[in-house]
Amino acid sequence: MPYLLLVLGLLIAGYVLYQFLMQANAAQVRSLVLTILLIAIGLGAFILAITGRLPAAVALIAACVPFGMKYLKNRRARQDDVSTIIEVEGEEIKDDTDKD
């Protein structure tokens with residue numbers, strides 16, 4: 001019986017994921033994939049740490065650091081390129097103030 005519930009839950013989750021992917025834009029899909037990867041890496045490091053394989057957990061995290069740094073650098077570059085547009089009573093006003 002537990003296996004039947006597990007299979008039923010996986011089928012429902014697969015259908016929901018399929019529906020989401022059919023309606024989502026590229027940014028939402030990228031965000032979903034990055035979230036799943038982050039959760040998987042964190043869960044893997046946690047399991048390695050609690051089972052006594054701390055060096056392997058540290059190596060896993062250390063191997064992911066360059067990818068994380070590149071992601072953060074690209075994200076900051078994209079945020080700097082986007083200007084803020086404020087709409088007031090039907091008119092668009094571009095916000096040129098510095099974001100320090």
Single-linkage hydrophobic cluster [X]~[Y], side-chain heavy atoms < 4.5 angstrom:
X: L21; Y: I36; answer: yes
X: L48; Y: I41; answer: yes
X: L38; Y: Y71; answer: no
X: L60; Y: L43; answer: no

Do you know which two heavy atoms are closest between A49 and A57, and how far apart they sit?
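Taking every non-hydrogen atom into account, N-CB, 4.1 Å.
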Contacts of type side chain to side chain contact (heavy atoms under 4.5 Å, CB included), residue F20, not counting sequence neighbours
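If we apply the side chain to side chain contact (heavy atoms under 4.5 Å, CB included) test to F20, skipping adjacent residues, the hits are A24, Q28, L32.
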Distance, nearest 0.5 Å, that separates [atom1] of [X] from [atom2] of [Y]:
X: L34; Y: I39; atom1: CG; atom2: CD1; answer: 11.0 Å
X: T51; Y: F46; atom1: OG1; atom2: CZ; answer: 10.0 Å
X: R76; Y: N74; atom1: CZ; atom2: CG; answer: 11.0 Å
X: L6; Y: L11; atom1: CG; atom2: CG; answer: 9.5 Å

Short question: side chain of T35, backbone of S31 - any donor-acceptor pair under 3.5 Å?
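Answer holds: yes.
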